[in-house]
Amino acid sequence: MKNDPLKDKAECPFCHSLLTKSATQCIHCGAEMIDGYINSKQRQKMLRLRIVLLAASYTALYFLYQSEVSSLLLVVFYLFLSIGSWILPFTYFKFINRKNSVWKRKSFPW
C-alpha cells in the first residue's frame, strides 16, 4: 500500500485550497479556525443571563445599602457582582462550546 499524500490534508471551506490537518488559518484567503465558538442563539441566552445577574446583584446591593453596611464593603461588593455578572456567563458558554470549532472568514480592511 502506498502512503496517501492527501491523507494528512484538509480543505479550506472558503477557497478550497489544501491545508494541513492541524492548520488554524488559511494562508490563501485568511480564514481562521475559531475554537469555542458561541453562536447567536447562545449569545442571546448569555445576554439574558447577564441582565438577570445584574438585576439580582443590584437588588442585593440595594438591600445592603438599606442595612447601613460600610461604604467600602458596598463598593467592593458592587464591583465583584458587576464584574462577575459579565464574566461568568461568558466563561460558562465558552466551557460548554470548548469542542465547537468553526471556520470564520475575516473581512478585508479595504
Spacing of [atom1] belonging to [X] relative to [atom2] belonging to [Y], to within rounding of 0.5 Å:
X: Ile38; Y: Gln44; atom1: CD1; atom2: CD; answer: 13.0 Å
X: Leu88; Y: Ile83; atom1: CG; atom2: CD1; answer: 11.0 Å
X: Cys12; Y: Ile27; atom1: SG; atom2: CD1; answer: 10.5 Å

For residues 90-101, which residue pairs qualify under side-chain hydrogen bond (donor to acceptor under 3.5 Å, both in side chains), counting only residues two or more places apart or in two chains?
->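 Counting only pairs at least two positions apart or across chains, the side-chain hydrogen bond (donor to acceptor under 3.5 Å, both in side chains) contacts touching residues 90-101 are Asp35-Ser101, Gln42-Asn97.
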Contacts of type salt bridge (charged side-chain N to carboxylate O under 4.0 Å, His left out), residue Glu11, not counting sequence neighbours =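 For Glu11 there are no salt bridge (charged side-chain N to carboxylate O under 4.0 Å, His left out) partners, ignoring immediate neighbours.
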Heavy-atom closest pair, residues [X] and [Y]:
X: Phe93; Y: Lys45; value: CZ-CB, 3.9 Å
X: Phe14; Y: Cys29; value: CB-SG, 4.1 Å
X: Pro89; Y: Met46; value: CB-CG, 3.7 Å

According to the salt bridge (Lys or Arg N to Asp or Glu O under 4.0 Å) rule, which pairs have a member within residues 79-89, sequence neighbours left out?
->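 Residue pairs with at least one partner in residues 79-89: there are none.
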Linking I/L/V/M/F/W/Y whenever any side-chain heavy atoms sit under 4.5 Å apart, do [X] and [Y] land together?
X: Leu64; Y: Leu79; answer: yes
X: Leu81; Y: Tyr65; answer: yes
X: Leu72; Y: Leu74; answer: no
X: Leu61; Y: Leu73; answer: yes

Side-chain contact, heavy-atom cut-off 4.5 Å: [X] with [Y]?
X: Ser82; Y: Tyr58; result: yes
X: Phe90; Y: Arg50; result: yes
X: Trp86; Y: Leu54; result: yes

Atom CZ of Phe80: over 12 foreign heavy atoms under 6.0 Å |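 Open.
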Show your working on side-chain contact (heavy atoms from CB on, under 4.5 Å) between Cys26 and Ser17 and close with a plain yes or no.
-> CA-CA 8 Å; Cys26 177; Ser17 61; 3.5 Å; yes
